[in-house]
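In the text below, chain A, chain B and the rest are named by the order of the sequence lines, each starting its count at 1.
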Amino acid sequence: MTPAISVFDRLCLALAWLSGLIAFFVMSVTFIGVVMRYGLRSPLMGGFEMIEIGMGLMVFTAVPLMIRRRSNITVTILVDRFPPALLRATGFIADMTGAVLMGFIAWRVWLQGERLLRYNEVTMELRVPKGLIAQGMSVLLVVAALAFLLCAVEAFMRNRPATSDHPGSL
Amino acid sequence: QDTKTIRVGSWLPPHHLIVSGILKPWAAAIEDETGGSLKFEIMTSALGPPPAQFDLLLDQAFDVGYGVSGHNAGRFPLTQVMDLPFMSPDPWAGSAASWLTYEKYGADYGEHDGAHVVGLFTHSNPNINMAKGRVDTLEDLKGKTIRVGGNVTGRIMSELGASPVQLPPTEAQTAMSRGVADGITFPSESIDFFGITPVISSITRVPGGLYTDTFWVAFNQDTWDGLSEAEQAAVNKHSGMAIAMLSGFAWTNGDKHGEMKLNEKGVEFVTLPEADVTKARETLKPLETEWLALAKEKGFNGEEILSYARAMVQNYRADTEVNVVK
Amino acid sequence: MGVWEIAAISFGGVFVLMMGGMPIALAMLLVGLSGIWINLSERTAMGMIGQLPINATMSYELSVLPMFILMGVFVTRARMSEDLYRLCHGFVGHMRGGLAAATILACGGFSALSGSSLATAATMAKVAVPEMRRYGYKDGFAASAVAAGGTLGILIPPSVILVLYGIATGTDIGSLFIAGIIPGILAILLYLAAIRVAAQLDPARAPAAPRVGWDIRLRYLRSVGPILLLFIGIIGGLYKGVFTPTEAGGVGATGALAFALWRRSLSWRDMVESLVETVQTTASLFLVLIGALVFSNYMNLIGLPGALSDLITSLGLGPTAVILAILVIYLFLGMFMESLSMILLTIPIFFPIVTQLGFDPVWFGIFAVMVTELSLITPPVGLNLFVIKSVIDDLSVGEMYRGIMPFVLADLLRIIIIIGFPWIVMVLPELAR
Ligand code: NA
Ligand code: NA
């Protein structure tokens, strides 16, 4: 079990690195776009869409590691006072809910991708099939569902704390 | 008698001309016609961004929806015949032609499966609205940054020599006032609606209509099938050409309101000279050629569709001369 | 069941799940989806969840969120936040409550580079709290100064909340940013006043630090040069129309990266970690966004916005009464709800009502940010308080609640001021139009 978990966590980390790379790409495209328009008076064609596509992929490549590190925004005020057994139970339920929801969303997003492919919907400028982007997201959401599933298993077996010290938010 | 509530998905504020000038009168007329068996409920806040509207309709998040065909690139290309440059000289002709052409050929397109289209319409003529400087001739466009909403307009602008910048409408006003963009393509209606009037100094009209967008109004297919024959007849009576007519009024009045505001501010109106319009038509010809190729690839006679649309435009132009001996 | 019952049960459901430790995004997703399924149809629920994650994430406008977060992360990694705090410390630290005042000022400065309140609070907590402890500040008071100062992150531009508000309501983001400047300065002044009064009432909780000489002050001033340059570059670039508010994020992040590299304070490893940290925060933010969108679509579909505006019409309330009622609702929600989801859920409902009553969308945007700020520091659920608590682990909750009261009062006073004198908000955007 444990080696499998560590391989999976490495996958999540690799995806997060990819996400970071995409963030760097979005930053560069924005900057270059400004330089080209303001300095050279010629726009960066397709920059708008590169950012849109980049955003979609950046979010879903980062989600699995975020789940594994338990950085979901969570209210801990009451949970902190739960007895260990109750904490384990609520943690397990929350993670299982996450796994089911992510799996369900992955399925529906995949079908929406099929619909977009069927109707030939593409991004305006670069003509990238939107259905392919959607199905890419769907695959990443499956990884997210697995991440929640692992968290649930851990919560059940090891009583690992259900919350992190570093909730990400505004 | 039972009342069926028809939920109308909307992504524009209630006072926008599409809601107040097209959807509301349309819905009221049908409610009257059915003696109250249909009741329309226009939603006040959006369930998704404009490009999501058609899929929301397919999933029956609402019973009736409307949207801009061009927002879903690649999805409604044949329906969008009126989006080609210089197709729509005014909102009356554009709307009528878009609907009549769709009525004649649209059933075979298969672009709206799962929905029942009851109307198509186009918006009024976009102008080139400049914050600084003015565009007297096409030459003046060279090197100017022009804000556009989508890639087709972007392509038109770059073919004409300008440097297009694609920005969301929420940034249009700042972009214009701060000088990120020198100009913007919009009908006068939208200039006022998005609060851009204060930063405009001159406006160049392009006779013949540089471009337009084809809007759709449609029922979810299951909702439509669930209506009684009488109800369907009532909807049909006030849809199609009736919607096109409402659109002609609404956009014309919207522009009138916008121009009043612009005139109050002392904005200069310029008209692009005929020679330049001819040049622009020539420059933009490739877009038409590409559309014809696409129609052919999909197994349609593009020339026939295009010439029918043009004939309908001629038939319904707002500037047809009358009472003049020829 | 009527609209109100369904709405009450649904909000209650989210609240219970949230308090039970379920991630907020999941709670909203679960209740929103099953609500649509039950009250509308299975088909609508399944269709909506299929397309919403795609539309919500593939957004050009929202690219500003990760970019402003990234800028803040680079600035922190380059230790520019420490320079900023040292400078403020040098200038006001010797006054009564001076270190807390320095904290507020440094937060205000950092806010001009960070779009996020939590990032501002977390960054400054690491720098300012140890310093205040060293001079014998009471923990509750020190922590509260950082928590409150952190809220400036979303009022002083750039601001993630203002961006989201602008997108949700179609309000010009540039105007919203400009409108945040004077209220931001007002906020700083009121916080300083609150510190002054609190220090006067209980001098033991906020002792003064020794005075710092002018030679050192000037040296400190030079060290914040890069921050100043970055800030001026962003504001100047926006003003001169070099780039748009959305682009400001990417340009700012690039600028911060350039400074960090120039100072050689960013190793290859730091760079990777900064990027991963940024996308992690972004991911958690977007999950909440998706959950909130599903839930607010659900409220929209059951007809809550219509029912609410009918209620207000039938009560015949005037504009001010309505705004005060909304303020009370926000105070209540803000105690228990997470701020981002609170704003995302309520703006689509309140916005049409208040604009119909004649309030300017820009003004209401600033109002919305201020109630969000308040919700970030009001117990029991105040995210900024949590963040500070993760830095000072032995801080007692009771002590913290006592410490935060002066700042909560300052916030309330500020909201009342902008209701009474709306021109404070509107004067700059109107000049810029
Ligand atoms: Na800020
Ligand atoms: Na709170």
Side-chain angles (χ1 to χ4, degrees), chain B residues 5 7 9-16 41-63 71-72 114 131-132 145 147 149 165-182 193-199 220-223, chain C residues 36 40-41 43-52 54-56 58-61 163 166-178 237-247 293 296-301 303-306 309 347-349 351-353 355-356 361 429-430 432-433:
Chain B
T5 302
R7 193 201 299 268
S10 178
W11 42 275
L12 286 164
H15 68 285
H16 189 274
E41 190 184 283
I42 301 176
M43 298 181 73
T44 47
S45 35
L47 284 178
Q53 298 299 311
F54 194 73
D55 284 329
L56 283 167
L57 179 72
L58 292 186
D59 295 327
Q60 220 172 15
F62 34 70
D63 303 301
H71 282 166
N72 305 84
K132 283 188 304 260
T145 314
R147 182 272 177 190
V165 47
Q166 196 178 343
L167 295 173
T170 41
E171 291 199 332
Q173 199 251 343
T174 322
M176 291 288 290
S177 64
R178 298 268 70 95
V180 171
D182 304 314
F193 191 80
F194 289 103
I196 308 174
T197 306
V199 301
N220 172 286
Q221 189 67 50
D222 290 341
T223 307
Chain C
I36 295 173
L40 274 297
S41 72
R43 177 178 175 187
T44 303
M46 303 228 285
M48 187 172 289
I49 199 56
Q51 58 167 319
L52 198 140
I54 307 169
N55 295 328
M58 281 182 64
S59 158
Y60 170 81
E61 291 156 292
V163 169
I167 295 169
T169 61
T171 309
D172 188 77
I173 293 168
S175 299
L176 286 167
F177 277 12
I178 295 168
L238 279 174
Y239 188 79
K240 298 294 285 177
V242 182
F243 42 75
T244 66
T246 304
E247 290 168 337
L293 284 173
S296 67
N297 275 354
Y298 165 46
M299 289 296 113
N300 195 349
L301 283 167
L304 185 65
S309 66
I347 288 301
I349 300 173
F351 184 75
I353 297 173
T355 45
Q356 212 134 42
E430 263 161 23
R433 258 171 208 167

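- A pairwise comparison of heavy atoms in B:Ala46 and C:Asn300 identifies O-ND2, 3.5 Å as the closest pair.
- Of the atoms belonging to C:Phe243, it is backbone heavy atoms, and not side-chain ones, that fall under 4.5 Å from chain B.
- Of the residues considered (C:Ile54, C:Thr355, C:Thr246), C:Thr246 shows the highest number of contacts with chain B, using heavy-atom pairs under 4.5 Å.
- In this structure, chain C has no heavy atom under 4.5 Å from any part of B:Asp182.
- Residues passing the salt bridge (Lys or Arg N to Asp or Glu O under 4.0 Å) test with B:Asp59, sequence neighbours excluded: A:Arg115.
- Distance check: B:Gln60 CD to C:Met48 CE gives 12.0 Å after rounding to the nearest 0.5 Å.
- At a threshold of 4.5 Å between non-hydrogen side-chain atoms, the residues B:Asn220 and C:Arg43 count as touching.
- Within the 4.5 angstrom heavy-atom criterion, no atom of B:Ala181 approaches chain C.
- Taking 4.5 Å as the limit, every side-chain heavy atom of B:Arg147 sits out of range of all side-chain heavy atoms of C:Thr244.
- Between chain C and the residues B:Val165, B:Leu167, B:Leu56, B:Thr44, the largest count of heavy-atom pairs under 4.5 Å involves B:Leu56.
- Residue B:Arg7 holds its CZ atom at 5.0 Å from CG of C:Leu301, rounded to the nearest 0.5 Å.
- Between chain B and the options C:Asp172, C:Ile36, C:Val242, C:Asn297, the largest number of non-hydrogen pairs under 4.5 Å is found for C:Asp172.
- For B:Ser10, the side chain to side chain donor-acceptor pair (under 3.5 Å) partners at least two apart in sequence or on another chain are B:Tyr66.
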Assess the residue pair B:Leu58 and C:Gln51 against the criterion (side-chain contact (heavy atoms from CB on, under 4.5 Å)); give the C-alpha distance rounded to whole Å, side-chain angles, the decisive distance to 0.1 Å, and a yes or no. CA-CA 12 Å; B:Leu58 292 186; C:Gln51 58 167 319; over 6 Å; no
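- Here the CG atom belonging to C:Asn55 is positioned 8.0 Å from the CG atom belonging to B:Asp55, to the nearest 0.5 angstrom.
- The environment of C:Gln356 atom CD is sparse: at most 12 non-hydrogen atoms of other residues, nucleotides or ligands sit within 6.0 angstrom.
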